[in-house]
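Labels below follow one simple rule: chain letters A, B, ... track the order of the sequence lines, proteins then strands, and each chain is numbered from 1.
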Amino acid sequence: MLLGALLVREDETGRRVGRIVETEAYAGPEDLASHARFTSRARNAVMSGRPGIAYVYLVYGMYDCLNVVTGPPGRASAVLIRAVEPLEGVATMRDSRRRVGRRRRERSYPDGRCRHATSRPVPDRHLARGPGLVGACFGVDRSWTGTDLCDPASVLRLEADPRADDRPFAVTEGPRVGVRYAGLEWAGRPWRFAIDGHPSVSRAR
DNA sequence: TTTCCGATCCCCT
DNA sequence: GGGGATCGGAAAA
C-alpha cells in the first residue's frame, strides 16, 4: 500500500518530501492498459525485475511519470504515483516544476509576462497534483529508471510516514485515467486509488 | 463552468 | 506513420 507513504528525494538539491495521495495499479502483460503488454523488452524490462525499483516513462513527449515496480520478478507490474501532497522542500519543488513546460510558456507569452491578471500562483497543495507534476516537482526523468526506491541510501526513495497515526485516511477507488484505448474490460477496472477528499488528488478531466 | 487544443518525442505497428 | 498512464491556457457556452 503506497497511499500515505512518503516519497523522498534528498541530495545536494536539498530535501523534498511528498505524501502519496493517489496511485494507479498496472497488472501484467494481459492488462491492455499496461506498458507490460508490449513484447519489446527495451522499455519495460525493469517492470519484470525486482519490486521496489523505479520505472519512469515519458508521456506526450513532455512529462515523466514515476512508477514503482510491484510484482514478483518475472511478473511485470507497477504502480503509478499520480499525486503527492508536498510536505518539505516546497520551494525546491516549485522551482523544479517551473523548468518543465517553460518552452511552451515562452511560446505562449513571447514578451515574458502573463497577459491575464487573473492568473494566480499555484497553491502548494496543488504543486504535484498529477503524475507529470510529481516527476516535475522531484526532478525525475527516464534516467532514474532502475533506482531502488526501497534502499534507505537512495537519493530517491519511499519511506513510511512517521506521523501516520496523526493522519488517518479513507481510500476511494475508481477507473484509471487516460486508458480508454485498452477497451472496456481493462479501462473499466477500478484500479485508481486515492485518499478520500484530499485536496492534492488530481482533478478529473 | 466545460470543452478543446497545442506542445513534443519516443515507441510500437 | 500515429498516438499516448498529461497539462495549462484559450475558447466556447
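- At the heavy-atom level, A:R43 lies under 4.0 Å from the strands shown only through sugar-phosphate atoms.
- Across B:dC10, C:dC7, C:dG4, the shortest atom-to-atom separation from the side chain of A:Y60 is found for C:dG4.
- If you take CG of A:D64 and C1' of B:dT8, they are 12 Å apart, rounded to a whole angstrom.
- In this structure, the CG atom of A:D141 is 17 Å from the P atom of B:dT8, given to the nearest Å.
- Of all nucleotides listed (C:dT6, B:dT13, B:dC10), B:dT13 comes nearest to the side chain of A:F38.
- Checking B:dA7, C:dT6, B:dC9 against every side-chain atom of A:R82, the shortest atom distance belongs to C:dT6.
- Distance A:L80 CG to C:dG4 P: 16 Å, rounded to the nearest Å.
- Between A:D31 and the options A:R189, A:R176, A:R37, a salt bridge (Lys or Arg N to Asp or Glu O under 4.0 Å) holds for only A:R176.
- When the side-chain nitrogen and oxygen atoms of A:R129 are compared with OP1 and OP2 of C:dC7, none of them lie within a distance under 4.0 Å.
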Derivation and outcome, ring pair (Phe, Tyr, Trp, His ring centres under 6.0 Å), residues A:Y57 and A:H35: CA-CA 10 Å; A:Y57 67 90; A:H35 290 174; 4.6 Å; yes

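- The side chain of A:L133 sits closest to C:dG8 out of B:dC10, B:dT8, C:dG8.
- A:R142 forms no cation-pi arrangement with A:W144, by the criterion of a distance under 6.0 Å to the ring centre and an angle within 45° of the ring axis.
- One atom, OH of A:Y57, and another, C1' of C:dG4, lie 9 Å apart when rounded to the nearest Å.
- Within 6.0 Å of the CZ atom in A:R180, the count of heavy atoms belonging to other residues, nucleotides or ligands does not exceed 12.
- Rounded to an integer number of Å, the gap from A:R203 CZ to C:dT6 P is 14 Å.
- Protein atom NE2 of A:H35 is 16 Å distant from nucleotide atom P of C:dG3, rounded to whole Å.
- Enclosure of atom CZ in A:R15 by more than 12 non-hydrogen atoms of other residues, nucleotides or ligands within 6.0 angstrom is indicated.
- Residue-level contact check: A:A33 touches the bases, meaning some heavy atom is under 4.0 Å from a base atom.
- Candidate nucleotides C:dT6, B:dA7, C:dG8 were compared by shortest atom distance to the side chain of A:R97, and C:dG8 ranks first.
- Among the nucleotides C:dT6, B:dA7, B:dC10, the one closest to the side chain of A:R142 is B:dC10.
- Nucleic acid contact class of A:G132 (heavy atoms, under 4.0 Å, all strands): sugar-phosphate only.
- Remark: B:dC5 base-pairs with C:dG8; criterion is Watson-Crick or G-U wobble with both hydrogen-bond distances under 3.5 Å.
- Distance A:Y26 OH to C:dG4 C1': 11 Å, rounded to the nearest Å.
- Nearest nucleotide to the A:V177 side chain, out of B:dC9, B:dA7, C:dT6: C:dT6.
- C:dA13 and B:dC5: their P atoms are spaced 12 Å apart (whole Å).
- Here A:D124 pairs with A:R94 in a salt bridge; the nearest charged N to carboxylate O distance falls below 4.0 Å.
- One atom, CG of A:L32, and another, C1' of C:dG4, lie 15 Å apart when rounded to the nearest Å.
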